[in-house]
Protein chains: 2
Amino acid sequence: MNGPAIRVPKFTLTRLPYYYRFVCDCDERGLKFVSSEEISQGVQVNAVQIRRDLMLFDALGTPGVGYSVGELRGKLEEILGLNNVNEAVLIGVGRLGRAILDYPGFKRYGLSIVALFDNAPEIIGEKIGTKEIFPVTELEHIVARLHIKVGIITVSASGAQSVADILISSGIKAIWNFAQVYIRVPREIVVRNEDLAAGLATLFHHLSETGTETKVASDPPLSTQL
Amino acid sequence: MNGPAIRVPKFTLTRLPYYYRFVCDCDERGLKFVSSEEISQGVQVNAVQIRRDLMLFDALGTPGVGYSVGELRGKLEEILGLNNVNEAVLIGVGRLGRAILDYPGFKRYGLSIVALFDNAPEIIGEKIGTKEIFPVTELEHIVARLHIKVGIITVSASGAQSVADILISSGIKAIWNFAQVYIRVPREIVVRNEDLAAGLATLFHHLSETGTETKVASDPPLSTQL
DNA sequence: TAGATTGTTAATCGATTAACAATC
DNA sequence: TAGATTGTTAATCGATTAACAATC
């Protein structure tokens, strides 16, 4: 499909979603072309960087004109894997789980949460929208049967690893972990440990710096584990 | 207080919260000393990197022994500005706002949300725990009077910039933005744009890569704007 | 054509890691 | 002392930016 196996720089990948969001906005405003300089303004990334990043994926523009908005959008969707619907299960239907369940930003990304799980007997069977909450004992079974590839963990820290283990043994490929612990997984499983508190800490650090020095943090939200 | 104005590498700062979490865990387990190698295991960061990062802040260990858990914890708290209580206001008391309001990870970080704001008449006056929801028209007034330094934006994308503008004009110093837009602020204000969907996108990308190549993403959640 | 903006190479910059003497 | 683990320098690696010819 692609040439000689592109090696994507770690940080390029974290910038792509921002380009994507900006290009979607352009698209919705009806723009046909956009220059790297304009994207640069919108996402706070150097224009050369952007051209270079896009080049890596053969998302090419036209000299003197810029990038076709429609084409670029399509290309980014392809790179980011947004064309296929990504089915997921979510474990832990507390407040955080519920917030994620209707976080507006996911629509664009083709994320579809197809089943919910929790341990608390009093909410099992409850429906949120069209989705029923199942007991965690059903997790392995359902994930395996529906061939779900993504698991979202929103349980407490103490329960996270065991949930992860169940997910892995039922054939999950990627885990998005919001619990306050690092979970350990085999090499072939993709994990993203989302630690909101860590973001907060860096914010506080900047805040505690005195006057002039304060450089502001933005956020290609960064990085990736091996 | 400090010597010749330490210049902290951008990424060092994003790793610190992870060290902190690990060291807290050690502390709670009653450990007195921990080596850079042990921390390395726990947070998935090279041990040399850790020693170097800590060195920058004069968080020194003892050769042959390791780091004093208590001392290191204290030092990290100081660096991350966790000793002073950080008062914040939260604007937008929807599901996301409520989730953040009781996200367990914040306790450690001295974040205290002291007032809530929303526009929806039907929830104004409602109390969440001990905190009342005020109308957004009161925002400027209250922030200024209480000298609040941190604002958390959990409104929809369309409302975010105007909320930010109000916060800024009432003297806020830092903004933690969960809305799906980049907000623009003056240079001296610290912003962290938290885009959960972007995290999702990188997860999907890894997922769509074929077989052997799949290196997993972890996440010193990254980065900082200028 | 002249002006704009691209793709790409080369130069710079910063972050990571390897190596090791110093220290408990 | 011997063993462990540090602090720190030097070497490597990768990411960013400046410069510019090629192209529309």
Side-chain angles (χ1 to χ4, degrees), chain A residues 3 6-16 18-19 23 26 31-69 71-72 75 202 215 217-226, chain B residues 3 6-16 18-19 23 26 31-69 71-72 75 202 215 217-226:
Chain A
I6 346 133
R7 190 70 61 292
V8 187
K10 186 169 153 185
F11 295 112
T12 292
L13 201 56
T14 68
R15 285 187 291 264
L16 256 27
Y18 295 90
Y19 304 163
V23 169
C26 291
L31 296 175
K32 294 301 173 214
F33 288 90
V34 65
S35 73
S36 58
E37 192 53 55
E38 288 162 328
I39 302 177
S40 173
Q41 301 285 310
V43 300
Q44 310 270 48
V45 170
N46 184 304
V48 178
Q49 183 85 266
I50 295 172
R51 296 206 295 278
R52 181 173 253 278
D53 285 342
L54 295 177
M55 210 184 69
L56 280 168
F57 296 98
D58 298 306
L60 301 182
T62 311
V65 177
Y67 296 83
S68 152
V69 169
E71 243 177 61
L72 186 49
K75 194 78 190 182
T202 61
K215 290 270 166 137
S218 126
D219 8 50
L222 213 333
S223 91
T224 14
Q225 160 185 318
L226 268 301
Chain B
I6 347 134
R7 191 67 63 292
V8 187
K10 187 168 152 186
F11 294 113
T12 292
L13 201 54
T14 67
R15 285 187 292 263
L16 255 27
Y18 294 90
Y19 304 163
V23 169
C26 291
L31 296 177
K32 293 303 171 209
F33 287 91
V34 65
S35 72
S36 58
E37 192 51 57
E38 287 162 329
I39 302 178
S40 172
Q41 302 284 310
V43 301
Q44 310 269 48
V45 169
N46 183 304
V48 179
Q49 184 84 266
I50 295 172
R51 295 206 296 278
R52 180 173 254 277
D53 286 342
L54 295 178
M55 209 184 67
L56 280 168
F57 296 98
D58 298 305
L60 301 182
T62 310
V65 178
Y67 296 83
S68 151
V69 169
E71 245 177 60
L72 186 51
K75 194 79 190 182
T202 60
K215 290 269 166 139
S218 127
D219 8 48
L222 203 341
S223 91
T224 15
Q225 161 184 320
L226 268 301

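These figures come from a predicted structure and were not determined experimentally. To find a chain, count down the sequence lines: A is the first, B the second, and so on, and within it residues start at 1.
Between A:Ile39 and A:Val45 there is no side-chain heavy-atom pair separated by less than 4.5 Å.
Residue-level contact check: B:Thr12 touches neither bases nor backbone, having no heavy atom under 4.0 Å from any strand. Residue contacts for A:Val48: at a heavy-atom cut-off of 4.0 Å it reaches a base atom on one of the strands shown.
In this structure, the ring of A:Tyr18 has its center no less than 6.0 angstrom from the ring center of A:Phe11.
Position along DNA chain D of the nearest nucleotide to B:Ser36 versus A:Arg52 favours B:Ser36 as the more 5'-ward residue. Comparing B:Gln49 and B:Pro63 by the nucleotide of DNA chain C whose heavy atom lies nearest to each, the residue mapping closer to the 5' end is B:Gln49.
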Side chains of residues 46-53 of chain B: which donor-acceptor partners sit under 3.5 Å, not counting sequence neighbours?
from, atom 1, to, atom 2, distance (Å)
B:Asn46, OD1, B:Val48, N, 2.7
B:Gln49, OE1, B:Arg15, NH2, 3.2
B:Arg51, NH1, B:Ser36, OG, 3.1
B:Asp53, OD1, B:Thr12, OG1, 2.9
B:Asp53, OD1, B:Arg15, NH2, 3.1
B:Asp53, OD2, B:Arg15, NE, 2.7
B:Asp53, OD2, B:Arg15, NH2, 3.2
B:Asp53, OD2, B:Tyr19, OH, 2.7

Convert the base pairs of DNA chain D into dot-bracket notation, remembering that pairs crossing earlier ones are written with [ ] and that bases paired across to another strand are shown as |; include only Watson-Crick or G-U pairs under 3.5 Å.
-> ..||||||||||||||||||||||

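Here the range on DNA chain D touched by chain A, meaning any atom under 4.0 Å from one of its heavy atoms, is D:dA15 to D:dC24.
When the side-chain contact (heavy atoms from CB on, under 4.5 Å) test is applied to B:Leu31, the partners found at least two apart in sequence or on another chain are B:Cys26, B:Arg29, B:Val69.
Among residue pairs with one or both ends in residues 32-47 of chain B, none qualify as salt bridge (charged side-chain N to carboxylate O under 4.0 Å, His left out); sequence neighbours excluded. The side chain to side chain donor-acceptor pair (under 3.5 Å) pairs that include a residue from residues 58-69 of chain A number zero, where partners must be two or more places apart or lie in different chains.
Here B:Leu54 contributes atom CG and B:Leu72 contributes atom CG; the two are 5.5 Å apart, rounded to the nearest 0.5 Å.
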